[in-house]
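One structure is given below, encoded as structure tokens.
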Protein chains: 2
Amino acid sequence: MEKIYNDYSRDGIEIHTDNFRDDSLLRAGLKLNHLRMIVTIEDHGQISAAAEALNISQPAASRMLSEMESIAKTALYERIARGVVLTPFGSALAKRARKILLELREASREIAELRTGKGGSVYLGAVTAPAISLVVPAIRQVTQTYPGIEINIQVETSNILARELLAARHDFIICRIPDELNPRLFTAHEIGVEKACLIVRNGHPLLEKGVVGLHDLIGRDWVFQPPGTLLRRKVEDIFISAGVPLPENIVNTSSLLLTVAVVCKTDAIAPIALDMAEFVCGQSSNAGEACILPIDFEISVKPYSLITARERAMPPSASLLYDMILEQSRSLAAT
Amino acid sequence: MEKIYNDYSRDGIEIHTDNFRDDSLLRAGLKLNHLRMIVTIEDHGQISAAAEALNISQPAASRMLSEMESIAKTALYERIARGVVLTPFGSALAKRARKILLELREASREIAELRTGKGGSVYLGAVTAPAISLVVPAIRQVTQTYPGIEINIQVETSNILARELLAARHDFIICRIPDELNPRLFTAHEIGVEKACLIVRNGHPLLEKGVVGLHDLIGRDWVFQPPGTLLRRKVEDIFISAGVPLPENIVNTSSLLLTVAVVCKTDAIAPIALDMAEFVCGQSSNAGEACILPIDFEISVKPYSLITARERAMPPSASLLYDMILEQSRSLAAT
DNA sequence: AGATAATATATCATATTTGGTATAACGTGA
DNA sequence: TCACGTTATACCAAATATGATATATTATCT
């Protein structure tokens with residue numbers, strides 16, 4: 001008989017697990033739908049709501065939960081005022097169940113990718129800067145290796161992206177890990193620092209100065225993102241650290257388009273991500289009328305990382321794109 | 001209704017996955033026993049052998065496989081001369097199936113641990129040196145935190161341990177990754193270098209010299225492990241590099257006990273792992289008649305690492321012991 | 001105490017699963 | 001061509017699952 005090779009070794013050495021016959025949950029009759037049930041119970045906190053989400057009647061859901069308790073030989077939930085809450089046993093099982101169902105979903109995805117002969121699909125999110133500087137070049141590369149690959153990119157804030165990753169709607173993300181989320185949930189490789197710069201319109205008076213300093217910026221007009229945003233606080237910190245009065249004439253907007261439009265048509269100064277600025281100032285459009293103001297200080301914001309959820313499966317296509325982006329960031333760092 | 005907290009965040013922010021309703025394998029009726037089937041087929045290469053392993057008849061196994069192909073909408077195996085081989089689709093599914101079943105087994109283990117109130121169980125393997133220098137101290141610590149924890153340690157060579165890990169019979173291992181296995185299958189943290197030293201009996205003539213050099217060792221009697229072993233090759237390399245003739249009067253044995261016995265009763269010199277030597281020379285037994293020979297060179301063998309299988313689940317008790325060993329190795333490195 | 005929201009249990013009907021045995025079909029080697 | 005090893009299919013019986021409706025029970029709030 002031809003030898004069956006696993007990919008454990010370089011030269012085909014067979015390594016077998018046992019066939020899981022001793023697994024008590026398996027032996028007792030646990031089913032995949034039980035796993036869906038407990039995950040849905042954890043999400044909704046009510047048996048009737050979970051039943052609705054799973055398209056079964058409430059008594060059917062209740063009985064399925066009782067079945068699970070017989071299988072696990074322990075209480076998995078208890079009633080509270082309005083609904084149920086999982087016990088530590090139930091939570092432990094729900095956590096595993098979620099991972100199992102995610103793995104199964106990735107199996108579905110992988111088989112679908114293999115079956116269609118396409119290059120597969122990838123779901124990723126990125127904050128704006130690396131979306132442009134890293135993802136776009138890597139996409140160009142990967143579509144040559146995987147003709148027909150389907151790439152889904154969400155460009156959003158780190159807070160939103162991190163939650164989408166945890167909710168398993170992304171394979172990986174490029175952003176920073178928000179302070180209010182537990183960093184142990186993630187695996188992160190720092191791949192860049194999100195630098196910013198100031199842009200002004202072509203012909204702006206400050207451009208005649210060569211390189212400008214903080215003091216040259218006093219009393220000027222500004223376009224800023226809303227108060228509290230990261231970039232804005234960073235610029236404010238630079239002013240405060242240097243003992244320079246904060247800008248006073250400010251337009252507030254979170255829209256990059258509006259920011260650029262204002263900058264092009266007025267003498268306002270706007271801080272934006274360096275990668276974004278290089279993109280904007282290189283376009284042969286109205287936006288091409290803006291340019292980067294040479295300054296004698298640096299605006300660094302927090303680093304961003306290539307982030308996955310811990311112990312999360314990734315299909316081959318996503319792994320490939322991940323690796324390409326990582327490589328791209330190393331190339332950029334080396335120049 | 002009381003808020004249901006996942007452990008995603010520090011202050012209880014709910015993040016929901018969808019309820020997996022779009023998962024094509026799930027919708028099409030995939031069952032956990034299908035997963036057992038395909039894993040067992042991959043392991044055995046024959047439907048009749050897999051049927052036997054799963055305690056069902058051959059026709060039942062054959063039909064189950066056909067069912068799976070209907071569910072996956074693709075061919076998962078093809079017949080060969082004697083038995084079957086998995087297609088790339090089948091292999092992809094088997095890989096995921098194995099992970100799912102391992103996760104489920106860990107769920108069983110975790111629930112059993114929680115239910116019995118014991119400290120849980122851990123399966124680990126270690127090569128001899130760190131088994132003594134790191135695992136024993138960590139075990140002392142962990143049994144205080146987890147009274148009743150059940151720890152299973154296999155002390156073996158790296159080749160054997162790595163295969164046992166891949167076969168999911170260990171939670172983690174401490175050894176080096178064998179050259180013939182694919183290192184991408186593992187996650188490794190280097191935690192120590194397996195240093196070796198020379199031992200001689202108390203009263204050995206060389207002890208009168210204070211610190212001895214390579215030239216002092218010419219023409220002496222030796223006890224070595226068999227030709228080709230790591231430590232022996234390392235010592236031979238040291239001699240060759242210094243242009244010193246290799247030892248000629250050699251006893252070959254892989255038995256540590258025999259090695260120590262010979263050293264105690266003759267003027268032979270033996271290289272053994274430093275951690276082992278410190279253990280051996282500290283005993284109030286016959287072995288206590290040996291001591292470490294002060295030498296003016298160092299015998300380093302390959303580093304050893306704390307190793308897990310990639311993307312493998314670990315129960316809390318195993319994670320705790322893993323972390324303790326890692327901490328222990330950092331403490332040792334800092335002194 | 002009563003109303004309300006939610007869960008638990010009983011019962012039923014129908015469908016599905018699951019294992020077996022028997023045997024046909026296939027692929028290979030001599 | 002035949003023998004052998006292995007898989008594939010047909011058919012059957014029994015068990016199990018799965019959903020529903022009806023209604024009992026529980027917990028909380030007013």
Side-chain angles (χ1 to χ4, degrees), chain A residues 1-4 19-21 25-38 40-72 74-87 90, chain B residues 1-4 19-21 25-38 40-72 74-87 89-90 94:
Chain A
M1 193 228 341
E2 288 177 41
K3 209 158 202 126
I4 313 300
N19 63 12
F20 304 95
R21 90 190 80 196
L25 291 174
L26 210 48
R27 272 196 292 103
L30 193 82
K31 299 180 174 62
L32 289 168
N33 264 346
H34 289 136
L35 302 182
R36 284 181 76 207
M37 169 57 59
I38 195 141
T40 311
I41 290 286
E42 185 176 57
D43 285 347
H44 289 85
Q46 273 190 333
I47 293 180
S48 50
E52 191 172 349
L54 294 171
N55 284 324
I56 59 175
S57 64
Q58 176 269 320
S62 180
R63 201 179 59 207
M64 191 184 290
L65 264 181
S66 290
E67 278 170 19
M68 292 180 68
E69 290 191 316
S70 295
I71 287 166
T74 186
L76 297 175
Y77 69 102
E78 52 202 21
R79 294 183 74 162
I80 53 173
R82 295 253 189 276
V84 295
V85 66
L86 295 186
T87 60
Chain B
M1 194 233 333
E2 288 177 42
K3 211 160 199 121
I4 314 299
N19 62 13
F20 304 95
R21 89 190 82 195
L25 292 174
L26 209 48
R27 270 197 292 104
L30 194 83
K31 297 180 176 62
L32 288 169
N33 265 345
H34 290 135
L35 302 182
R36 284 181 76 209
M37 169 57 59
I38 195 140
T40 310
I41 290 286
E42 185 174 58
D43 286 347
H44 288 83
Q46 273 190 335
I47 294 180
S48 50
E52 192 171 350
L54 294 171
N55 285 323
I56 61 176
S57 64
Q58 177 269 318
S62 179
R63 200 182 57 212
M64 192 185 289
L65 264 181
S66 291
E67 278 169 18
M68 293 179 68
E69 290 190 317
S70 296
I71 288 166
T74 186
L76 297 175
Y77 68 103
E78 52 203 20
R79 295 182 76 159
I80 54 174
R82 296 259 188 273
V84 295
V85 66
L86 295 185
T87 60
F89 302 95

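Listed here is the closest heavy atom pair of A:Thr87 and A:Tyr77: CG2-N, 3.8 Å. Nearest heavy atoms, B:Ala94 versus B:Leu86: CB-CD1, 3.9 Å. The heavy-atom pair separating A:Leu32 from B:Leu30 by the smallest distance is CD1-O, 3.2 Å.
Interatomic distance, A:Leu76 CG to A:Thr74 OG1, rounded to the nearest 0.5 Å: 6.5 Å. Between the CE atom in B:Met68 and the CZ atom in B:Phe89 there is a gap of 14.0 Å [rounded to 0.5 Å]. Atom CD1 of B:Ile38 sits about 10.0 Å away from atom NE2 of B:His34, to the nearest 0.5 Å. Between the CD atom of A:Gln46 and the CD1 atom of A:Ile80 there is a distance of 8.5 Å, given to the nearest 0.5 Å. We find the NZ-CG distance between B:Lys31 and B:Leu26 to be 10.5 Å, quoted to the nearest 0.5 Å.
Contacts with DNA chain D (heavy atom under 4.0 Å) in residues 59-67 of chain B: B:Pro59, B:Ser62, B:Arg63, listed by number. Residues of residues 47-56 of chain A having a heavy atom closer than 4.0 Å to DNA chain C, listed by number: A:Ile47, A:Ser48.
A 4.0 Å heavy-atom criterion places the boundary nucleotides of DNA chain C facing chain B at C:dT17 to C:dT28, written 5' to 3'. Interface limits on DNA chain D: the 5'-most and 3'-most nucleotides within less than 4.0 Å of chain A heavy atoms are D:dA17 to D:dT28.
For the side-chain contact (heavy atoms from CB on, under 4.5 Å) with B:Met37, the lone residue among B:Ile41, B:Leu35, B:Thr40 that qualifies is B:Ile41.
In terms of the side chain to side chain donor-acceptor pair (under 3.5 Å) criterion, B:Glu69 has no residue partners (sequence neighbours excluded).
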In a table with atom names and distances, give each donor-acceptor pair under 3.5 Å that connects a side chain of residues 47-65 of chain B to protein atoms at least two apart or in another chain.
{"from": "B:Ser57", "atom 1": "OG", "to": "B:Ala60", "atom 2": "N", "distance (Å)": "3.4"}

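Both A:Asn33 and A:Arg79 lie near DNA chain D, and the one whose nearest nucleotide falls closer to the 5' end is A:Asn33.
Rounded to 10°, the angle separating the first-five-pair axis and the last-five-pair axis of the helix from C:dA1-D:dT30 to C:dA30-D:dT1 equals 30°.
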